[in-house]
A.B. asks: 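Structure below; questions to follow.
In what follows, every chain begins at residue 1, and chains take the letters A, B, ... in the order their sequences are listed.
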Amino acid sequence: MYGIGILKGLWVTLVHFVETYVEDLRWLGRKRYFSPEGVAHRRSKDAKGIFTVQYPEEKLPVPEEFRFIPFLIYEVDEEGNKHDRCTSCGICAKVCPPQCIWIVRTEDPVTKRPVPEPVEFYIDVDICMNCGYCAEYCPFDAIKMDHDYELASYDRHAEHIYNKEKLSKPVSYYADIRPANYTREEAVRAAEEAKKAEAAAARAAAAAPAAGGDQPAGD
Amino acid sequence: MSEQAPVQEAPASPPTELEKRFPGLVKHDERAGYEGHIVEIANLVEVATAIRDEMGYDFLSSVTAVDYYSEAPDAENFIEVVYHLYKSTGGGSLIYKVQVPRDNAVVPSLVPVYPGADFQEREAWDLYGVKFESHPDLRRILMWDGFQGHPMRKDWKEAYFEEEVKPFKNRWPEGQVYRIEDRNPFGKNVSYPAGFDPEGFQEIEDPNLYSSLERSAMEYVEDIDTEQVVVNLGPQHPSTHGVFRMAVRLDGETIVGLKPVMGYLHRNHEQIGERNTWIMNMPFTDRLDYLSSMSNNFGYALAVERLMGDKAAPPERAEYIRVLMAELTRISNHLWAIGFLLNDLGAFFTPALYAIEERELILDIFEATAGSRMMCNYFRFGGVARDLPEGILPKIKDLVQERLPRKVDELDLYLSQNELVRSRGEGVGVITPEDAIAFSASGPVLRASGVPYDIRRADPYSIYDRFKFDVAVRYHGDVYDRYMIRIDEIRQSLRIIQQVIKDMPGGEILNGKNPYQVRVPAGESYGRVESPKGELGFYIVSTGKANPHRYHVRAPSFINLTILEKMCVGQKIADVVVNLGSIDIVLGEVDR
Amino acid sequence: MTEKTVAPTVNSAGYDVPPELRQSVAVTTLDKIWNMGRRYSVWPMMFGLACCAIEMICTAASRYDLARFGMEVMRPSPRQSDLMIVSGTVTKKMIPQIVRLYNQMPEPKYVMAMGACASGGGPFKEGYNVVSGVDQYVPVDVYVPGCPPTPQALLHGLMKLQEKIDRESITSVRWYQKDDIPAIPVPLLGPDIIDPRDNPAIREATSRKPAAAAPAAPAEPDAAAEAAAS
């Protein structure tokens, strides 16, 4: 009969419509909206009825691997001084597909050797394509992808080239947004440190009679 | 880097079938790492016809030009046009090439033999300045008429030219930041020829387009003597799926001529790709068909891995993850395509909203695995970027075993038998199987016309030969079948994913380390995958350096559009958007 | 109830309403009422360019639901829309159309540059057919970085736009001033894209070029030859 197909279609939409109320009733007493469980339910396989996540009151939790604009990590020592993890090796600038990273490296005026920490570090966010290569290929875990996406601004000319100050964030922030990555990397670093210390100790033991072996591990 | 011996061929190969058929006219391509034949230019049409009719290579996959140019005084400079052909019954490729001098690049057109060469030859003319003799409609296709020069030639420099190849040297170690527009005298991405007078300049809008439209308009005789009008749909039109434009010649409501106009999103993907290093191109491929970035990654990774050989063979687990992601992409893409085809049919937004719900759930998986909803950048040469995160596999399992099959059935119930969908879709925009093959249509468009050609089965790549699935095929070749075939394909993809999850092995996800500079041995390679839109191919030429010498994308949406004119002529204007929607184009891929 | 919802948003500072009247009376400025009406009914143009357009559609669809902001009425015609979301890479071939659409929009009109490409050229900036930022041709109110910005980032940008609307005043907005707002000249597709506003600069550069560039190239070898000769 002509029209059966249309009726079937209308039936499907009617079911969807009714489900929104049924679903609200099933959540009676529990918070379906504005609660983490509610949001989690709306993005699970059982999601039914209202599917909307009501930004800005509720925000979708971003997964750990989520990447937006990169940021630089610094560590804070006991005295409260900030130390960049970045060593200005330039790998991120070399691997960046749209070439949006600019790094200024300087030399120590006395020793004429390059200072590891960059003087300046710029990222033009109007070019950045959020690909995550800088973070992926950084050998020092110094640059990572941020989770903060609320960056809209009124003026790109003044604000959209991020300098080192704007890019730098403490390591605690990184540990906060990417706990699993952080733990894994710290374990690797600790293992490496231990190995290095062991090697240094062995070398020191071997070189102890010869004396004067205080050259830093220079790589 | 020492040159790796190419695996593809032995130096003194026995004469192939083609060489025996045309002794002296067809030579073997002897360059290291290259394959196929070099055809004498005078015999191109004759050889092409014989290859099609006698040897059965009826599907012209890709036509592209390569500029071999070097400023060295003794360099041999020429332009090469490369043709990739396949049999529509399956199997490997046949490649042949012609070589022409750069200053007099004239090649006979193959449009009379393969109508599917139409847009591709126009593209080669636009970007490389290769003149295809006796091409019926040789106009610029991506840039506008009057644009200066052929930009893909190696000696052409754009306004923002910084350096020949990336990485640019001034980024590190003394990277004083600048915006490149501040170094241009106009503060914009422009340059003008000397002596150009802007005041006296008069823009004539698309003169060649309208004359070509008039030329190709079909004879249409009605009882009443009516006047024909030209209507432009797009580039800003809600139903063109982006910035696509069609110039339509109408007699009453009947279409007598139609010319697609593209290039409004031509963002120079290939030129940037030739400046990038190999690995840098991966995130750029995401932005080709931005609805199915994982498939694009797949194709590019395959093409490069083919050149790199065994050292880039992905481990088992990586292969499984790749297939898993590619099939999830196919589902999400088809859901989107169905939703927006219904939009074009006039069912504004409810079907699309239902489809987008499921797509969002798939995007959640991509976001958790690859880090981004759309621009996944997940594949690496020899594997994938990172392992699946904890807990994602059960989530995928729930989705593909419980929710998605139910939802596909629901979509089927909701739309497939709907009388309006059927009456607007059945018998509209019919493509015969012969036409589909001749016009190089691929993917769902080809299969809905009754040609069961799916690269996953016809020329298997990765580990697709291990899975049980049916090649979806429908036989009417109309809009309705092109809609139904997408539902069929979602079901088949779910079947594949269910097998993948069951067999997913543990182990490594990357062959070796993940270096930021990969070395690719000299040679050429063509990697193609069955992307949700059709056959996505990457043709790359390496000279052994850090950057590709040629990087060409055989974009399925672009080539599927070749047949649009034939589909629409003789039908009503209201069916144009439906025909276009049923091809399922993405402008990022059409214009690149 | 009313007091709670009405008072903080509408009631202006400095106008004390007696407590017994707060249920029914709110004193506010005309600007606030006017802006409130406008900020909750911004109609975007149904206009997508590239990848970001997909995220824009997702923002309007099931999960993010632009209707909560009164913005779901996507108008296919520029004549009915208040906001142009430039969502994607702006190419030279497309910019004349974008300028034309902008000119056709009635005041008050707003432009949002969504994503890196529309803001400043994005990853494709170096390309020969790419415009490095739509703001070189039309004025932009809000920039949303990201490639592509997620739907939530776009919503954040739209809220920034609402804030901007809130700060406007009837007395100073440009469309109630006496002077006409001139239309933006539409760029032409010549040998390269031509912005008519740049015409003097272009003419100066192109007429100077044969004089300046031609000797500039051989100048060095000449100088070298002279140096060698002397």
Side-chain angles (χ1 to χ4, degrees), chain B residues 142-144 146-148 151 156 158-162 179-181 185-199 201 203 235-238 242-243 263-269 271-272 275 283-284 287 290-291 336 349 352-354 356-357 359-360 363 373-375 587-588 591, chain C residues 45-51 53-55 57-58 60-63 74 76 78 88-89 91-94 97-98 101 117 120-133 136 147-148 150-151 188-196 198-203 205-207 209-210 213-214:
Chain B
L142 296 175
M143 302 304 288
W144 60 90
F147 182 75
Q148 280 284 306
W156 194 91
E158 75 273 22
Y160 278 179
F161 180 77
E162 285 191 72
R179 284 196 164 100
I180 183 73
E181 52 262 47
F186 309 104
K188 292 187 174 113
N189 185 5
V190 289
S191 63
Y192 303 96
F196 172 70
D197 173 27
E199 314 279 350
F201 178 76
E203 190 191 1
Q236 199 276 119
H237 185 280
V243 281
Y264 293 99
L265 190 56
H266 178 46
R267 37 189 186 184
N268 327 122
H269 188 91
Q271 200 215 33
I272 294 173
R275 189 172 298 142
F284 276 96
R287 286 149 181 87
Y290 33 77
L291 286 168
W336 186 275
F349 233 34
L353 285 177
Y354 291 174
I356 287 172
E357 269 185 29
R359 181 174 177 267
E360 288 286 344
L363 293 192
R373 290 156 49 87
M374 285 166 66
M375 306 307 174
L587 263 295
D591 295 341
Chain C
M45 180 155 52
M46 194 189 271
F47 166 71
L49 290 175
C51 333
I54 306 297
E55 289 294 51
I57 294 167
C58 285
S62 328
R63 185 176 266 173
M74 290 240 181
T89 315
T91 61
K92 291 181 188 171
K93 200 170 175 179
M94 193 62 197
Q97 271 68 269
I98 293 175
L101 288 169
C117 290
F124 297 96
K125 183 172 185 171
E126 63 198 277
Y128 50 85
N129 192 26
V130 176
V131 171
S132 33
Q136 292 183 340
C147 187
T150 59
L188 303 173
L189 293 172
D192 208 323
I193 190 84
I194 305 164
D195 189 342
D198 286 349
N199 274 355
I202 295 172
R203 189 146 58 176
T206 52
S207 59
K209 221 164 215 167

A.B. asks: Mind checking what makes salt bridge (Lys or Arg N to Asp or Glu O under 4.0 Å) contact with K125(C), not counting sequence neighbours?
C.D. replies: E181(B)
A.B. asks: Considering only heavy atoms and a distance below 4.5 Å, find which of I98(C), T150(C), I193(C) pairs most often with chain B.
C.D. replies: I193(C)
A.B. asks: Can you tell which part of Y290(B) gets under 4.5 Å to a heavy atom of chain C, answering side chain, backbone, both or neither?
C.D. replies: side chain
A.B. asks: What part of R267(B) is in contact with chain C, defined as an atom under 4.5 angstrom from a non-hydrogen atom: side chain, backbone, both or neither?
C.D. replies: both
A.B. asks: Based on non-hydrogen pairs under 4.5 Å, which of Q148(B), Q236(B), E158(B) is most in contact with chain C?
C.D. replies: Q236(B)
A.B. asks: Sub-3.5 Å donor-acceptor pair from the side chain of Q136(C) to the main-chain atoms of G187(B), do we have one?
C.D. replies: yes
A.B. asks: Specify which of E357(B), R359(B), R373(B), Q271(B) makes the most heavy-atom pairs with chain C at under 4.5 Å.
C.D. replies: R373(B)
A.B. asks: To the nearest 0.5 angstrom, please state how far the CE atom of M374(B) sits from the SG atom of C51(C).
C.D. replies: 6.0 Å
A.B. asks: Out of L291(B), L265(B), L363(B), D591(B), which one racks up the most heavy-atom pairs below 4.5 Å with chain C?
C.D. replies: L265(B)
A.B. asks: Are any side-chain N or O atoms of D192(C) and backbone N or O atoms of S191(B), one a donor and one an acceptor, separated by less than 3.5 Å?
C.D. replies: yes
A.B. asks: Check whether any side-chain N or O of N268(B) sits under 3.5 Å from a backbone N or O of N129(C) as a donor-acceptor pair, and report yes or no.
C.D. replies: yes
A.B. asks: What is the minimum heavy-atom distance between H266(B) and T91(C), and which atoms define it?
C.D. replies: O-CG2, 3.7 Å
A.B. asks: Under a 4.5 Å cutoff for heavy-atom pairs, which residue among D197(B), I180(B), V190(B), L587(B) has the most contacts with chain C?
C.D. replies: V190(B)
A.B. asks: Can you name the nearest heavy-atom pair linking F186(B) to A205(C), along with the distance?
C.D. replies: CZ-CB, 3.7 Å
A.B. asks: If you count heavy-atom pairs under 4.5 Å between each of H269(B), R275(B), R179(B) and chain C, which one has the most?
C.D. replies: R275(B)
A.B. asks: Hey, what do you get for CD (E162(B)) to CD (E126(C)), rounding to the nearest 0.5 Å?
C.D. replies: 7.5 Å
A.B. asks: Under a 4.5 Å heavy-atom cutoff, which of M74(C), Q97(C), E55(C) has the most pairs with chain B?
C.D. replies: E55(C)
A.B. asks: How far does CD of E360(B) sit from SG of C58(C), to the nearest 0.5 angstrom?
C.D. replies: 4.5 Å
A.B. asks: When rounded to the nearest 0.5 angstrom, what distance separates CH2 in W144(B) from CG in L189(C)?
C.D. replies: 5.0 Å
A.B. asks: May I ask you to decide if the ring planes of W156(B) and Y128(C) are parallel, tilted or perpendicular, using 30° and 60° as cut-offs?
C.D. replies: perpendicular
A.B. asks: Report the option among R63(C), M45(C), M46(C) that has the most heavy-atom pairs separated by less than 4.5 Å from atoms of chain B.
C.D. replies: R63(C)
A.B. asks: Can you tell me how far the NZ atom of K93(C) sits from the CE atom of M143(B), to the nearest 0.5 Å?
C.D. replies: 8.0 Å
A.B. asks: Which heavy atom in T206(C) sits nearest to a heavy atom in P193(B), and how many Å separate them?
C.D. replies: CG2-O, 3.4 Å
A.B. asks: Heavy-atom pairs under 4.5 Å with chain B - which of A61(C), S132(C), C117(C) has more of them than the others?
C.D. replies: S132(C)
A.B. asks: Verify, without hydrogens or angle tests, whether N189(B) (side chain) and V130(C) (backbone) share a donor-acceptor contact under 3.5 angstrom.
C.D. replies: yes
A.B. asks: Heavy-atom distances under 4.5 Å only: say whether A53(C) touches chain B with side chain, backbone, both or neither.
C.D. replies: neither
A.B. asks: Which residues pass the salt bridge (Lys or Arg N to Asp or Glu O under 4.0 Å) test with D195(C), sequence neighbours left out?
C.D. replies: K188(B), R197(C)
A.B. asks: Rounded to the nearest 0.5 Å, how far apart are CD1 of I202(C) and CZ of F201(B)?
C.D. replies: 10.5 Å
A.B. asks: Within the 4.5 Å heavy-atom criterion, are D198(C) and Y192(B) side-chain neighbours or not?
C.D. replies: no
A.B. asks: For residues A60(C) and F349(B), report the shortest heavy-atom separation together with the two atoms involved.
C.D. replies: O-CE2, 3.9 Å
A.B. asks: Non-hydrogen atoms of chain C under 4.5 Å away: do they reach the side chain of F161(B), the backbone, both or neither?
C.D. replies: neither
